Asker: 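Sharing a structure below in structure tokens format, with a few things to ask.
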Amino acid sequence: MILLQGPRARVASTLFHFDARECLDESGLYGLSYGRRIAAVLARPSRKHLVDQNGRLFPSPVGAMLPARFGAETAILLEAARPNLVASSEDASSWSNDGVSVSTNFLTAPNGLATMDLLTPSGLVSHARFIPVTFTGNGTKCASVFTALVGSQNSAISIYDATAGVHRHYVRITWTGGVPVLTTHLGAGTRYAVEGPFAGNTYRISFSADGIIAANTHFLYCYPDDIAGTFAAPFWGAQAENAAVPSSYIQTTGSTVARSADSCYFGLPAANPPRAMSIYVRGVERGTRFEPSAFLWQVSLANSSPRMHVNRTSGSTRMQFQTQNAAGTFSTVERAAGADTALGDVVEYRSVLGAGGGLNFGVALNNGSELVAPPVVGTPLDAAWSGSRLYLGGSGAGGMGLFAFSRFVIADGERSLSEMRELAGV
């Protein structure tokens with residue numbers, strides 16, 4: 001008899017085990033169930049731009065789900081459908097001009113190619129390049145752009161409402177220690193954590209703008225120097241989206257481009273029948289908490305009952321662990337107070353289903369201590385889930401989130417965070 005020890009024994013003992021690092025050899029996306037390999041059933045109908053282990057933005061092939069770098073995490077990014085509403089994302093010379101000259105292909109862009117344009121003002125702080133953006137629906141919308149430090153620099157980016165004559169959110173970009181720092185100059189919205197550095201020592205700047213009225217005329221403005229009107233600044237990869245948080249970069253070359261939603265599930269017969277089990281997810285928040293009706297994962301057929309899942313609560317931005325029985329009765333436990341995630345956070349979710357249907361839900365942020373919600377007494381478990389599928393990043397029937405999955409482990413029994421971390425190899 002051969003006794004398994006160490007990592008092999010850990011993986012072989014789990015109902016399901018996924019580690020994005022194991023898929024780096026491009027052999028396909030797969031998980032393990034009690035040591036047996038299970039290939040993912042996936043659809044990625046649109047090209048996705050990801051970041052490799054060297055910090056270079058690369059176009060992932062259509063149909064492939066390749067691991068990418070998200071800070072210190074290697075993960076698989078799953079996203080909802082999104083459009084880039086900026087028609088020419090990498091060519092500022094095609095934008096409307098207000099006193100700014102463009103030196104095309106001046107610097108190394110995040111993709112490692114010399115395609116980043118340098119914008120130089122002609123002496124006034126109000127000088128900019130700008131391009132129209134047509135939003136759908138009122139509310140909060142987001143924009144993003146890649147930039148780099150060239151000499152002394154005080155640049156800015158804004159979503160401007162020309163109909164109302166106001167900047168919905170005007171964000172200044174200054175630099176400290178070679179890293180961009182964002183401040184709000186006019187308007188309101190959220191300044192998201194700066195991402196990078198990428199190739200060429202570039203960074204991605206992202207923000208949202210509140211109070212967008214879709215019927216009005218809007219422009220995305222890039223100001224190379226809004227303090228003195230003297231210094232040049234590079235811009236590349238501009239993006240505006242009909243959402244509150246930015247998604248991965250979508251390249252455009254003369255017209256807007258819509259990226260299709262990702263889809264991914266594993267056939268997992270071992271998940272049936274329902275019983276005491278613990279589900280551990282580790283990854284990087286990319287916007288699931290802010291996306292309406294977004295799901296992180298689900299066990300069932302496509303949005304069918306009985307099922308269990310983690311999703312965003314309706315009408316708020318709280319995440320919850322939930323089961324629904326065949327009669328349609330929900331059992332729900334929301335995240336603990338103080339466990340709301342921010343864009344870019346490394347997140348660990350621990351969902352525990354008791355043998356009698358009771359629920360526990362814990363969240364740990366950025367490798368910190370776990371915050372655990374008060375347990376909930378759930379409804380008794382049905383004889384089986386509606387189907388033996390594990391959906392990642394959605395419910396199988398819409399409700400996609402935006403999350404980069406690093407690890408996903410399901411273990412029998414009710415397990416602590418430290419136990420689940422050990423099983424996941426964290």
Side-chain angles (χ1 to χ4, degrees), residues 46-49 57 79-98 109-110 116-117 119 128-147 155-164 166-173 182 184-195 202-224 233-261 286-287 290-292 343 402:
S46 303
R47 188 175 300 282
K48 187 181 293 292
H49 285 78
L57 199 68
E79 296 180 293
R82 287 288 185 86
N84 184 356
L85 304 175
V86 176
S88 294
S89 63
E90 299 175 11
D91 181 15
S93 66
S94 68
W95 294 23
S96 297
N97 183 25
D98 182 13
M116 180 174 273
D117 295 340
L119 279 58
R129 286 275 170 160
F130 59 98
I131 190 168
V133 175
T134 302
F135 293 109
T136 302
N138 299 338
T140 299
K141 310 296 181 179
C142 68
S144 57
V145 69
F146 293 85
T147 189
S155 56
I157 182 172
S158 171
I159 294 178
Y160 179 70
D161 184 332
T163 304
V166 296
H167 290 276
R168 293 301 179 185
H169 197 184
Y170 186 119
V171 176
R172 276 182 169 148
I173 307 166
L182 309 183
T184 295
H185 176 53
L186 295 169
T190 300
R191 303 182 306 273
Y192 295 113
V194 172
E195 298 178 74
T202 56
Y203 293 85
R204 193 185 194 194
I205 307 301
S206 304
F207 68 98
S208 68
D210 296 338
I212 296 294
I213 301 171
N216 290 0
T217 299
H218 296 88
F219 294 91
L220 181 65
Y221 271 76
C222 287
Y223 298 87
F235 290 99
W236 184 91
Q239 188 155 310
E241 302 175 64
N242 279 313
V245 294
S247 64
S248 62
Y249 174 56
I250 304 168
Q251 182 185 40
T252 63
T253 56
S255 61
T256 62
V257 172
R259 184 188 57 234
S260 301
R286 302 297 307 169
F290 307 96
E291 190 78 358
L343 204 68
L402 294 92

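Being a predicted model, the structure only gives us computed values, none of them experimental. Start at 1 with the first residue, then count along the sequence.
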Asker: With the threshold set at 4.0 Å, does a side-chain nitrogen-carboxylate oxygen contact exist between Glu241 and Arg259?
Answerer: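 Here Glu241 does not pair with Arg259 in a salt bridge, since their nearest N and O are not under 4.0 Å apart.
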Asker: For Phe235 and Ala156, which heavy atoms make the closest approach, and how far apart are they?
Answerer: CZ-O, 3.9 Å
Asker: Checking the side chain of Ser89 only, and the main-chain atoms of Gln239 only, is there a donor and an acceptor separated by less than 3.5 Å?
Answerer: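 Checked: no pair found.
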Asker: Can you spot which of Tyr223, Trp95, Phe219, Tyr160 makes a ring pair (Phe, Tyr, Trp, His ring centres under 6.0 Å) with Phe130?
Answerer: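 So the option named by the test is Phe219.
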Asker: Are the side chain of Thr256 and the backbone N or O of Asn84 linked by a donor-acceptor pair below 3.5 Å?
Answerer: no
Asker: Output the distance between atom CZ (Phe290) and atom OG1 (Thr140), rounded to the nearest 0.5 Å.
Answerer: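 Those atoms lie 11.5 Å apart.
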Asker: Give the minimum heavy-atom separation between Ala92 and Asp117, together with the two atoms involved.
Answerer: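 Heavy-atom minimum between the residues: N-OD2, 2.9 Å.
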Asker: At what distance, to the nearest 0.5 angstrom, does OG1 of Thr252 lie from CD of Glu90?
Answerer: 7.5 Å
Asker: Just how far is it from atom OG1 of Thr136 to atom CG of Leu85, taken to the nearest 0.5 Å?
Answerer: 7.0 Å
Asker: Do you know which two heavy atoms are closest between Leu186 and His167, and how far apart they sit?
Answerer: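 Residues Leu186 and His167, closest heavy atoms: CD1-CD2, 3.7 Å.
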Asker: Just verifying a value: how many Å separate Leu182 CG and Arg172 CZ, rounded to the nearest 0.5 Å?
Answerer: 13.0 Å
Asker: Taking atom types as modelled and ignoring hydrogens, do the side chains of His169 and Thr184 form a donor-acceptor contact shorter than 3.5 angstrom?
Answerer: yes
Asker: Using a distance-only test with no angle check, is there a side-chain donor-acceptor pair under 3.5 angstrom linking Ser46 and Ser260?
Answerer: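 A donor-acceptor contact under 3.5 Å links the two side chains.
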